[in-house]
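Notes follow the structure.
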Amino acid sequence: MDLFTQLTHSLFRSAHGSLISFPILIILLLILIIVGGGLFFFCAKGYWESSYRRLTGESFLAVWTDKGKYGEYLTYDALKEFEKEGAKFLFNLYVPKKNGETTEIDLMMISRKGIFVFESKNYGGWIFGKESQRNWTQVLPSGKGTRKESFYNPIMQNRTHIRNLVAFVGEEYPTRSIIVFSERCELKEVDVESADIRVVKRDELRRAVLNVYQRETQDLLSPDQIETVYQRLLPLTQVGDDVKARHIENIKKRLEENADHSGEGGSQRAPAQSKKSQLKSSVEAQRVCPKCGGTLVLRRAKRGANAGSQFWGCGNYPKCRYTEEIE
């Protein structure tokens with residue numbers, strides 16, 4: 001007998017095993033409704049007073065019923081205590097790129113320890129991936145076995161965000177990259193080498209940020225600098241529908257152009273996520289240099305044993321000499 005059936009039987013029967021009278025049943029149902037309604041009101045009240053609601057203008061119901069938005073809000077909710085120390089949050093920033101397009105950052109915290117750029121992944125299952133791998137793997141239960149689904153490396157995805165952010169605000173403001181997965185997943189094998197990048201589950205996020213605060217004994221940004229960056233970036237969260245429409249259109253166009261190169265192991269499906277997250281992850285699933293974050297371009301060897309053969313080389317050459325064989 002499952003839990004729901006047991007609760008149903010308990011609800012309809014008294015301690016002596018006889019059926020509960022109709023008036024008592026009504027009272028019990030009213031109690032459940034009141035408790036449930038009170039819990040919903042408590043959550044909605046906290047949301048209504050939050051910076052997330054004030055800046056995004058989204059209703060609690062709209063966020064609660066959207067998997068992607070709700071994940072972003074939960075990430076903010078885990079960190080909102082840092083607002084008491086002067087930190088400021090921004091959501092859904094459309095950062096301009098050099099080619100005239102935009103890249104979207106879901107969540108950012110500007111604090112005295114630097115600019116934290118978060119990439120939220122509201123996934124379940126087992127997660128496997130390395131910082132240098134282009135695609136990561138999600139393993140989910142399927143019947144009596146499991147199924148594997150690939151998704152674009154979120155470290156590389158966030159690296160693209162940060163590269164365009166730095167180009168916009170300037171290199172004098174230190175940045176940190178944190179990838180946040182849902183508590184429902186298990187980070188089975190995730191390897192990160194860079195000291196300024198963290199990959200954590202949401203229930204570990206607060207501790208991860210606190211560790212940065214404790215490790216950095218000196219403040220990296222003054223209150224005036226925090227306010228300067230905040231005011232500089234705030235307009236990027238208030239863009240019109242035309243900018244958002246162009247952003248989506250550019251993503252769709254890029255998807256069409258890269259349709260034949262969309263993934264390695266193309267039969268694998270992408271993890272379930274919101275339409276916006278699918279588009280954003282796909283457009284950034286391009287060749288990115290794992291060493292410096294630059295764009296990998298197709299080159300041809302001019303001499304040596306491999307003369308005439310093609311390979312991927314970093315577009316920032318000669319500053320970065322990273323190369324990658326064509327698979």
Side-chain angles (χ1 to χ4, degrees), residues 50-52 71-91 93 95 105-123 127-133 136 153-183 185-230 232-233 288-294 320:
S50 70
S51 296
Y52 188 92
E72 293 168 11
Y73 170 69
L74 290 178
T75 299
Y76 157 75
D77 192 58
L79 298 170
K80 63 183 180 182
E81 67 179 68
F82 290 97
E83 290 179 316
K84 298 177 182 178
E85 299 189 13
K88 289 181 175 290
F89 288 87
L90 289 170
F91 313 94
L93 297 89
V95 182
I105 298 176
D106 296 328
L107 175 61
M108 177 191 301
M109 184 178 83
I110 310 165
S111 75
R112 56 191 178 89
K113 301 302 181 181
I115 301 175
F116 292 78
V117 181
F118 302 96
E119 177 61 33
S120 180
K121 296 297 182 186
N122 207 16
Y123 295 168
I127 305 298
F128 298 82
K130 296 182 179 180
E131 181 178 345
S132 59
Q133 288 179 324
W136 286 16
N153 183 336
I155 293 177
M156 293 183 177
Q157 185 178 359
N158 215 30
R159 187 175 284 140
T160 300
H161 295 163
I162 292 175
R163 184 173 67 250
N164 288 283
L165 173 67
V166 170
F168 184 81
V169 299
E171 297 182 356
E172 64 269 28
Y173 303 109
T175 58
R176 301 180 185 278
S177 175
I178 299 186
I179 314 302
V180 187
F181 281 88
S182 164
E183 300 95 330
C185 82
E186 181 176 350
L187 301 177
K188 202 67 174 176
E189 291 184 16
V190 175
D191 296 328
V192 180
E193 297 179 357
S194 300
D196 60 340
I197 298 174
R198 294 294 306 275
V199 179
V200 298
K201 292 163 61 173
R202 193 176 293 120
D203 54 3
E204 303 166 341
L205 177 58
R206 176 180 173 276
R207 189 184 312 115
V209 175
L210 278 175
N211 287 340
V212 174
Y213 268 62
Q214 294 168 358
R215 188 169 62 249
E216 291 288 351
T217 56
Q218 300 293 325
D219 288 349
L220 304 179
L221 295 180
S222 67
D224 287 343
Q225 287 176 310
I226 293 174
E227 185 64 24
T228 297
V229 175
Y230 179 80
R232 171 82 165 135
L233 295 176
V288 177
C289 176
K291 186 175 180 180
C292 73
C320 178

When you look at I162 and R159, which way does the side chain to side chain contact (heavy atoms under 4.5 Å, CB included) test go after all the steps?
CA-CA 5 Å; I162 292 175; R159 187 175 284 140; 5.8 Å; no
Once side-chain contact (heavy atoms from CB on, under 4.5 Å) is applied, do any residues pair with S222, and if so which ones, sequence neighbours excluded?
D224, Q225
State, to 0.1 Å, how close F89 and L79 come at their nearest heavy-atom pair, and which atoms those are.
CZ-O, 3.5 Å
Sub-3.5 Å donor-acceptor pair from the side chain of R206 to the main-chain atoms of E81, do we have one?
no
Kindly give the heavy-atom pair with the smallest separation between S182 and N122, and that separation in Å.
CB-OD1, 3.3 Å
Under the side-chain contact (heavy atoms from CB on, under 4.5 Å) test, residues paired with V190 that sit two or more places apart:
I127, W136, L187, V192, V199
Is there a side-chain contact between L233 and M108, using heavy atoms and a 4.5 Å cut-off?
yes
Run the side-chain contact (heavy atoms from CB on, under 4.5 Å) test against D191 and tell me which residues pass, sequence neighbours left out.
K130
Rounded distance (nearest 0.5 Å) linking atom CZ of F181 with atom CD of E186
13.0 Å
Filter on side chain to side chain donor-acceptor pair (under 3.5 Å), then keep only pairs touching residues 107-118, sequence neighbours left out; what's left?
E85-R112, S111-Y213, R112-D219, K113-D219
Rounded to the nearest 0.5 Å, how far apart are OG1 of T75 and CD1 of I178?
10.5 Å
Would you say that I115 contacts V117 through its side chain, given a criterion of any heavy-atom pair below 4.5 Å between the two side chains?
yes
Is the centre of the F91 ring less than 6.0 Å from the centre of the Y52 ring?
yes
Show the numbers, then the answer: is there a side chain to side chain contact (heavy atoms under 4.5 Å, CB included) between E131 and M156?
CA-CA 8 Å; E131 181 178 345; M156 293 183 177; over 6 Å; no
Carboxylate-amine/guanidinium proximity below 4.0 Å for E216 and R176
yes
Between S120 and D106: side-chain donor-acceptor atoms closer than 3.5 Å
no
Between OH on residue Y76 and CG on residue L107, distance to nearest 0.5 Å:
10.0 Å
So, taking the atom named CZ in F116 and the one named CG in L205, what distance separates them when rounded to the nearest 0.5 Å?
9.5 Å
Heavy-atom distance under 4.5 Å between the side chains of S177 and I179, does that happen here?
yes
Sub-4.5 Å side-chain heavy-atom contact between E119 and H161:
yes
In chain order, what residues pass the salt bridge (Lys or Arg N to Asp or Glu O under 4.0 Å) check against K201, with sequence neighbours excluded?
none
Listed partners of L74 passing side-chain contact (heavy atoms from CB on, under 4.5 Å), at least two apart:
Y70, R202
Taking the side chain as C-beta and beyond, is there a heavy-atom pair between Q133 and F128 under 4.5 Å?
no
Closest heavy-atom pair, M109 versus F118, reported as atoms and distance to 0.1 Å, is CB-CE1, 3.8 Å
E172, CD atom: more than 12 neighbouring heavy atoms under 6.0 Å
yes
Search all heavy atoms of A208 against all heavy atoms of R198 and return the closest pair with its distance.
CB-NH1, 3.9 Å
If you take all heavy atoms of L221 and P174, which pair is closest and at what distance?
CD2-CD, 4.1 Å
